[in-house]
Student: 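Submitted below is the structure of interest, expressed as structure tokens.
Along the sequence shown, residues are numbered consecutively beginning with 1.
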Amino acid sequence: MKLQETIISDFNKKSSEEHQNQFDFLANTLEKNNHKTKSIIDALAKFQVAIPSWALGAGGTRFGRFSFYGEPSNLTQKLDDVGLLHSLTQTAGAVSLHIPWDIPEDYNAIIEQANSLNLKFDAVNSNTFQDQKNAKESYKYGSLSNTSQAVREQAIAHNQEVIKIGEKLGSKSLTVWLADGSNFPGQNNFQTALSNTENSLKAIYKTLPDDWKLFIEYKPYEPNFYSTVIQDWGTSFMLANACGDKAYTLVDLGHHLPNTNIEQIVSTLMLKGKLGGFHFNDSKYGDDDVTVGSVKPYALFLIFNELVYGMQNNPQNPDLSWMIDASHNIKDPLEDLIQSLEAIQEAYAKALLVDQTLLKEAQSANDVVACQEILQKAYRTDVRPLLAQARLQSGGALNPLALYRELQIRETLIQERGKHSIASGL
């Protein structure tokens with residue numbers, strides 16, 4: 001299913017007058033406060049977030065999984081779904097593949113399809129947290145950290161193969177998330193596990209193309225509940241430094257214990273030039289992977305405030321890679337992704353409204369009240385007309401979710417694919 005431009009433009013005409021009134025009022029207000037509205041809109045239009053290939057189907061828990069029907073059962077259909085999202089929002093211009101769930105059968109055809117949908121391939125993701133069919137070794141007791149050299153070599157070889165697949169598609173980075181850890185005290189020697197992991201990552205890093213990056217993800221717990229080898233940003237940062245200049249820490253918003261100050265982590269990593277990218281989601285307790293901005297929207301804004309400051313003041317840090325990594329357990333995945341994209345853009349727009357010069361002056365004067373007022377003035381601004389204008393400027397829908405429902409896209413997908421199609425890998 002591919003949306004024609006006339007469908008979106010005709011839909012936009014219905015609410016164009018209301019949008020223009022809202023936008024003009026906000027733009028005039030911002031201009032009076034010395035904000036360059038056009039620059040903000042251009043930044044929003046340029047900001048693209050990758051959609052992971054595993055996010056187009058229903059997620060689940062250890063206890064069950066409930067389909068939404070019409071799920072994409074192959075990579076071609078997944079690209080079509082991302083293309084739909086991008087047509088509606090104009091901010092989902094990339095797809096991040098998970099290997100081996102989504103290995104292309106015909107690379108030329110997949111690349112041609114992606115180009116036709118105005119999509120590029122972002123980071124490729126390896127998988128050593130599951131045993132794959134016909135694999136000689138098992139990851140039951142770990143992969144890159146395993147006490148068995150044979151298991152470690154198999155895991156290293158898999159990551160190297162993922163790099164080769166990514167090269168064929170035009171990707172420029174590899175994301176490594178390690179499920180390795182232990183469930184019981186004494187099960188692992190912590191130092192041995194960490195040393196094995198470092199050596200394994202170095203072996204992968206050696207085969208990285210010159211223009212590629214290695215992203216090292218971290219997670220405090222799950223699937224192991226006593227220890228995780230790469231359990232926090234400090235361990236990831238240490239391993240990235242050990243690998244080299246092309247290795248970076250990747251921050252997943254759900255991969256933190258409750259009340260962790262993520263914005264401080266972001267600031268520190270950017271100062272050191274070692275923040276590689278982001279996986280967006282939200283959580284209440286820990287790694288819930290729910291819709292971005294649905295639980296802690298102010299925390300998301302504070303994180304973006306540090307990101308914006310870092311992007312403006314830390315040239316030592318590379319351009320960041322952005323991706324949504326949420327689990328759609330009871331929502332239509334496409335609707336959930338639309339909501340997440342909106343929340344990300346909203347937090348970004350509000351962070352762009354923070355007067356960093358005035359904030360620095362208040363910080364220097366230890367004027368704590370002024371500091372809070374400056375941040376909350378930006379946060380309390382309804383920036384949705386800016387987001388809509390950025391979409392309009394790029395050819396997207398003023399209200400993507402409303403158009404998605406008006407067109408009954410899920411119903412159409414069910415008719416095309418059937419009720420019992422299941423997204424690969426989940």
Student: Give, for atom CD of Glu306 and atom CE of Met311, the distance between the pair rounded to the nearest 0.5 Å.
Tutor: 11.0 Å
Student: When the aromatic ring centroids of Tyr218 and His256 are compared, is their separation below 6.0 Å?
Tutor: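 Between His256 and Tyr218, which both carry aromatic rings, the centre distance is below 6.0 Å.
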Student: Might you point out which heavy atoms bring Asn183 and Asn224 nearest each other, and give the distance in Å?
Tutor: ND2-OD1, 3.2 Å
Student: With side chain to side chain contact (heavy atoms under 4.5 Å, CB included) as the test, would you mind laying out the steps for Trp233 and Ile262 before giving the verdict?
Tutor: CA-CA 10 Å; Trp233 72 273; Ile262 303 175; over 6 Å; no
Student: In this structure, which one of Val162, Asn159, Ile163 forms a side-chain contact (heavy atoms from CB on, under 4.5 Å) with Val124?
Tutor: Val162
Student: Taking all atoms of both residues into account, what is the closest heavy-atom pair of Leu30 and Leu386, and its distance?
Tutor: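 Smallest interatomic distance, heavy atoms only, reads CD1-CD1, 3.8 Å.
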Student: Find the distance between CG (Leu392) and CD (Gln20) and round it off to the nearest 0.5 Å.
Tutor: 8.0 Å
Student: If we count only N and O atoms by modelled type, under 3.5 Å, do the side chains of Gln77 and Asp81 hold a donor and an acceptor together?
Tutor: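 No, because no side-chain N or O of Gln77 sits under 3.5 Å from a partner of the opposite role on Asp81.
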Student: Would you check if the side chain of Asp289 reaches a backbone N or O of Ser327 as a donor-acceptor pair within less than 3.5 Å?
Tutor: no
Student: When rounded to the nearest 0.5 angstrom, what is the spacing between CD in Glu342 and OG1 in Thr291?
Tutor: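 So the gap between those two atoms works out to 13.0 Å.
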Student: Just verifying a value: how many Å separate Leu174 CG and Ile204 CD1, rounded to the nearest 0.5 Å?
Tutor: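 One finds 7.0 Å between CG of Leu174 and CD1 of Ile204.
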Student: With no hydrogens and no angle check, is any side-chain donor or acceptor of Tyr139 less than 3.5 Å from a backbone partner on Ala179?
Tutor: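 Side chain of Tyr139 to backbone of Ala179, a donor-acceptor pair under 3.5 Å: no, none is there.
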Student: So, do Leu275 and Leu307 sit near enough that their side-chain heavy atoms are less than 4.5 Å apart?
Tutor: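 They are in contact (side-chain heavy atoms under 4.5 Å apart), so the answer is yes.
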Student: Could you measure the distance from the CD atom of Gln312 to the CG atom of Leu352? Nearest 0.5 Å is fine.
Tutor: 7.5 Å
Student: Kindly check if the number of other-residue, nucleotide or ligand heavy atoms within 6.0 Å of OH (Tyr221) is above 12?
Tutor: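 It does: Tyr221 OH has more than 12 such atoms within range.
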Student: Does Asp180 reach the main-chain N or O of Ser145 with its side chain, forming a donor-acceptor pair under 3.5 Å?
Tutor: yes
Student: Does Thr91 use its side chain to pair, donor to acceptor, with the backbone of Phe47 at less than 3.5 Å?
Tutor: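 Indeed, once roles are kept as given, a pair shorter than 3.5 Å links the two residues.
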Student: Would you check if there is a donor-acceptor pair between the side chains of Lys331 and Gln339 at a distance under 3.5 Å?
Tutor: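 Yes, Lys331 and Gln339 have a side-chain donor paired with an acceptor closer than 3.5 Å.
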Student: Return the CG to CZ distance between Asp332 and Arg405, rounded to the nearest 0.5 Å.
Tutor: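 Asp332 CG to Arg405 CZ: 8.0 Å, rounded to 0.5 Å.
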Student: When you compare the side chains of Thr249 and Ser236, does any donor N or O come within less than 3.5 Å of an acceptor on the partner?
Tutor: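 Distance-only check passes for Thr249 and Ser236.
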Student: Within a strict 4.5 Å, meaning less than it, do heavy atoms of the Lys360 and Gln356 side chains meet?
Tutor: no
Student: If we count only N and O atoms by modelled type, under 3.5 Å, do the side chains of Asn281 and Asp325 hold a donor and an acceptor together?
Tutor: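 Absent: no donor and acceptor within the cut-off.
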Student: Considering only heavy atoms from C-beta outward, does the side chain of Lys377 approach that of Asn33 to under 4.5 Å?
Tutor: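 Of all side-chain heavy-atom pairs linking Asn33 with Lys377, at least one is under 4.5 Å.
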Student: Distance-only, no hydrogens or angles: does the Asp122 side chain make a donor-acceptor pair with backbone N or O of Ala94 under 3.5 Å?
Tutor: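 A pair under 3.5 Å: no.
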Student: Will you find, in the side chains of Ser9 and Asn12, an N or O donor that is under 3.5 Å from an N or O acceptor?
Tutor: no
Student: I want to check something: taking the side chain as every heavy atom from C-beta on, are Glu263 and Asn305 in contact at a cut-off of under 4.5 Å?
Tutor: no
Student: Would a 4.5 Å heavy-atom cut-off, applied to side chains only, mark Gln316 and Leu271 as touching?
Tutor: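 Yes, side chains in contact.
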Student: Kindly assign one of parallel, tilted or perpendicular to the pair His19 and Phe23, based on the angle between their ring planes and the thresholds 30° and 60°.
Tutor: parallel
Student: Assess the residue pair Lys38 and Asp42 against the criterion (salt bridge (Lys or Arg N to Asp or Glu O under 4.0 Å)); give the C-alpha distance rounded to whole Å, side-chain angles, the decisive distance to 0.1 Å, and a yes or no.
Tutor: CA-CA 6 Å; Lys38 185 179 183 305; Asp42 289 343; 2.8 Å; yes
Student: With sequence neighbours excluded, tell me which residues meet side chain to side chain donor-acceptor pair (under 3.5 Å) with Asn34.
Tutor: none
Student: Let's go through Val95 and Phe121 carefully: what are the C-alpha distance in whole Å and the side-chain angles of both, what is the deciding distance for side chain to side chain contact (heavy atoms under 4.5 Å, CB included) to 0.1 Å, and is it a yes or a no?
Tutor: CA-CA 5 Å; Val95 59; Phe121 289 96; 3.4 Å; yes
Student: Relative to the ring of His98, is the ring of Trp54 parallel (under 30°), tilted (30 to 60°) or perpendicular (over 60°)?
Tutor: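 Rings of Trp54 and His98: perpendicular, as their planes differ by over 60°.
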Student: So which atom in Ala388 and which in Leu398 form the shortest heavy-atom distance, rounded to 0.1 Å?
Tutor: O-CD2, 3.7 Å
Student: Say whether, by atom type as modelled, one donor and one acceptor occur between the side chain of Ser116 and the main chain of Gln113 under 3.5 angstrom.
Tutor: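 Present.
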Student: Side-chain contact test, heavy atoms from C-beta onward, threshold under 4.5 Å: evaluate it for His86 versus Leu117 and give yes or no.
Tutor: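 Of all side-chain heavy-atom pairs linking Leu117 with His86, none is under 4.5 Å.
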Student: Does Arg384 CZ have over 12 foreign heavy atoms under 6.0 Å away?
Tutor: no
Student: Report yes if some heavy atom in the side chain of Ile330 is under 4.5 Å from a heavy atom in the side chain of Phe66; otherwise report no.
Tutor: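 No, side chains not in contact.
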Student: Verify, without hydrogens or angle tests, whether Asp282 (side chain) and Lys296 (backbone) share a donor-acceptor contact under 3.5 angstrom.
Tutor: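 Yes, Asp282 side chain to Lys296 backbone: donor-acceptor pair under 3.5 Å.
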Student: Tell me, which pairs form a ring-ring contact (aromatic ring centres under 6.0 Å, His included) where one or both residues lie in residues 293-313, sequence neighbours left out?
Tutor: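 Passing the test, one end in residues 293-313: Phe280-Phe304, Tyr298-Phe301, Tyr298-Tyr379, Phe301-Tyr379, Phe304-Tyr348.
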Student: Check for a donor-acceptor pair, side chain of Trp212 on one end and backbone N or O of Ser171 on the other, with a separation under 3.5 Å.
Tutor: yes
Student: Got Asn127 and Gln132 here, is their nearest side-chain heavy-atom distance under 4.5 Å?
Tutor: yes
